[in-house]
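What follows is a set of notes on a single structure, which appears directly below.
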Amino acid sequence: MISIPPVTLNDGTAFPQLGLGTYNLRGEDGVAAMVAAIEGGYRLLDSAVNYENESEVGEAVRASGIRDELLVTTKVPGRDHGYDETIASARGSLERLGLERIDLYLIHWPNPSVDRYVDTFRAMVDLQKDGLVGSVGVSNFTEPMLARVIDETGVVPAVNQVELHPYFPQAALRAFHTSQGIRTESWSPLARRSELLAEPVLADIAGAHGVTPTQVVLRWHVQLSSTPIPKSADPARQRENADVFGFTLADDEVAALSALERGRLWDGDPDTHEEM
Ligand code: NAP
């Protein structure tokens, strides 16, 4: 079993430096994949109402027998923005998860045209006070959106989960996170197995360290102080993905990966892309 070292969030929570994405992990096979990941050392699971797999996540957590060691993430969908709607949404998630607490609760997308993400966040902070939520955070927030939430609620989100991979390294946003004490989390950290993994520079660096191109990419996230949440249904690939704490990339290798920058891959600009 691989030991994934934690960092400390701004609310004191010990937070793994790498977690498991669960998009498309559903049904019995999904539960089995999550159980395998937990047995392999994963302690952070990333779900969302819109992944329609909260009940599978809860089942895997209960099957693991180590509930207290796990951090379960779920996210408020756009259709549930607003104070009362968010309280109701959290209760629905808790029921589907079959757990007593959501360990990390995120706003899935800011949906600025709806303009209810501040009230949504206020409700999450109250859920945290009531013990139903561990850490409160956001996803797909830009710097001005983060600044507004902090200004209007007085609470700094613990995490901002954003699209991040060598094609879209998000240097300015990461610097803002660091300045505010917000932990960065990388979604689609492998660029969803696009042509990224076949980039020649990855093969060169992987060869130099005796690791795989995938491990080089995930190690790059770790060294940028971002927690990647690669999704894999396959136990062998899950193990490969988690095994990135035994080598270190040189600064010029980190820079060579960041130089692959070309922008977002899926047109998910939070100022214009909205999800319900
Ligand atoms: P990803 O993790 O970058 O890539 C997943 C793909 O890579 C799958 O097809 C997987 O296939 C494959 N893969 C995984 N490990 C591999 C390896 N070692 N070698 C070769 N292929 C490998 O993409 P993602 O699922 O889009 O993102 C990860 C997680 O981020 C999601 O599952 C979700 O939890 C979260 N997410 C959040 C948002 C948001 O708006 N907040 C948006 C997108 C995603 P196999 O399963 O067959 O291994």
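Whatever order the structure lists ligands and atoms in, that order sets their numbers, starting from 1.
Each of the following atoms of ligand 1 lies closer than 4.0 Å to a heavy atom of Thr214: 17 (C), 18 (N), 19 (N). Shown in contact with Trp109 at under 4.0 Å from a heavy atom are these atoms of ligand 1, numbered in order with element: 40 (O). Near Glu240, the atoms of ligand 1 lying under 4.0 angstrom from a non-hydrogen atom of the residue are 18 (N). Of all the atoms in ligand 1, the ones that sit under 4.0 Å from a non-hydrogen atom of His108 are 39 (C), 40 (O), 41 (N). Residue Ala233 has at least one heavy-atom neighbour below 4.0 Å for each of these atoms of ligand 1: 45 (P), 46 (O), 48 (O).
Residues Val211 and Leu18 are members of one and the same hydrophobic cluster, defined by side-chain heavy-atom contacts under 4.5 angstrom among Ile, Leu, Val, Met, Phe, Trp and Tyr.
Between Trp109 and Val114, every side-chain heavy-atom pair lies at or beyond the 4.5 Å cut-off.
By the criterion of a heavy-atom distance under 4.0 Å, neither the backbone nor the side chain of Leu106 is placed next to ligand 1. Counting heavy atoms closer than 4.0 Å to ligand 1, residue Ser232 contributes atoms from both its backbone and its side chain. Here Arg192 has heavy atoms under 4.0 Å from ligand 1 in both its backbone and its side chain. Under 4.0 angstrom from ligand 1, the non-hydrogen atoms of Asn241 all belong to its side chain. When heavy-atom distances to ligand 1 are checked against a 4.0 Å cut-off, Gln161 comes that close only through its side chain, counted from C-beta outward. Counting heavy atoms under 4.0 Å from ligand 1, residue Asp46 touches it through both backbone and side chain. Using a 4.0 Å cut-off between heavy atoms, Ala191 contacts ligand 1 through its backbone alone, with no side-chain atom that close.
Within the 3.5 Å criterion, the main-chain N or O of Glu85 finds no donor-acceptor partner in the side chain of Ser89. Looking at Asp103, its side chain never comes within 3.5 Å of a backbone N or O of Ser135 through a donor-acceptor pair. For Gln170 (side chain) and Glu163 (main-chain N/O), a donor-acceptor pair under 3.5 Å exists by modelled atom type. Using modelled atom types, one side-chain atom of Lys75 and one backbone atom of Ser47 make a donor-acceptor pair closer than 3.5 Å. His221 contributes no side-chain N or O that, together with a main-chain N or O of Gln17, makes up a donor-acceptor pair within less than 3.5 Å. The closest donor-acceptor contact from the side chain of Asn160 to the backbone of Phe141 lies under 3.5 Å. No side-chain donor-acceptor contact under 3.5 Å links Thr73 to the backbone of Leu44.
Ligand 1 has no nitrogen or oxygen under 3.5 angstrom from a nitrogen or oxygen of Leu197. For the pair Lys75 and ligand 1, the shortest N or O to N or O distance does not fall below 3.5 Å. For the pair Pro230 and ligand 1, the shortest N or O to N or O distance does not fall below 3.5 Å. For ligand 1, none of its N or O atoms has an N or O atom of Asp234 under 3.5 Å away.
Comment: Arg43 engages Glu69 in a salt bridge, judged by a side-chain N to carboxylate O separation of less than 4.0 angstrom.
Given atom 40 (O) of ligand 1, the protein heavy atom at minimum distance is Asn140 ND2, 2.9 Å. Scanning all protein heavy atoms for the shortest distance to atom 43 (C) of ligand 1 gives Trp187 CE3, 3.2 Å. The nearest heavy-atom contact from the protein to atom 21 (N) of ligand 1 is Arg193 CD, 3.0 Å. At the top of the distance list for atom 25 (O) of ligand 1, counting protein heavy atoms only, stands Lys231 CB, 3.4 Å.
Taking the ring axis of Phe168 as reference, the NZ or CZ atom of Arg264 does not stay both within 45° of it and closer than 6.0 Å to the ring centre. For the pair Arg148 and Phe121, the NZ or CZ position fails the cation-pi test of under 6.0 Å to the six-membered ring centre and within 45 degrees of the ring normal.
One option in Trp266, Tyr23, Tyr51 has a heavy atom closer to atom 36 (N) of ligand 1 than any other, and that option is Tyr51. For atom 23 (O) of ligand 1, the candidate residues are Pro235, Ser188, Ser186; the nearest heavy-atom contact is made by Ser188. By heavy-atom distance, the residue among Ile229, Leu190, Ile107, Leu25 lying nearest atom 3 (O) of ligand 1 is Leu190. Between Arg237, Gln238, Arg239, it is Arg237 that holds the heavy atom closest to atom 16 (C) of ligand 1.
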Please step through side-chain hydrogen bond (donor to acceptor under 3.5 Å, both in side chains) for the pair Arg219 and Gln215, ending with a clear verdict. CA-CA 6 Å; Arg219 181 68 205 177; Gln215 289 173 321; over 6 Å; no
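No hydrogens or angles considered: nothing links the side chains of Asn140 and Glu275 as a donor-acceptor pair under 3.5 Å.
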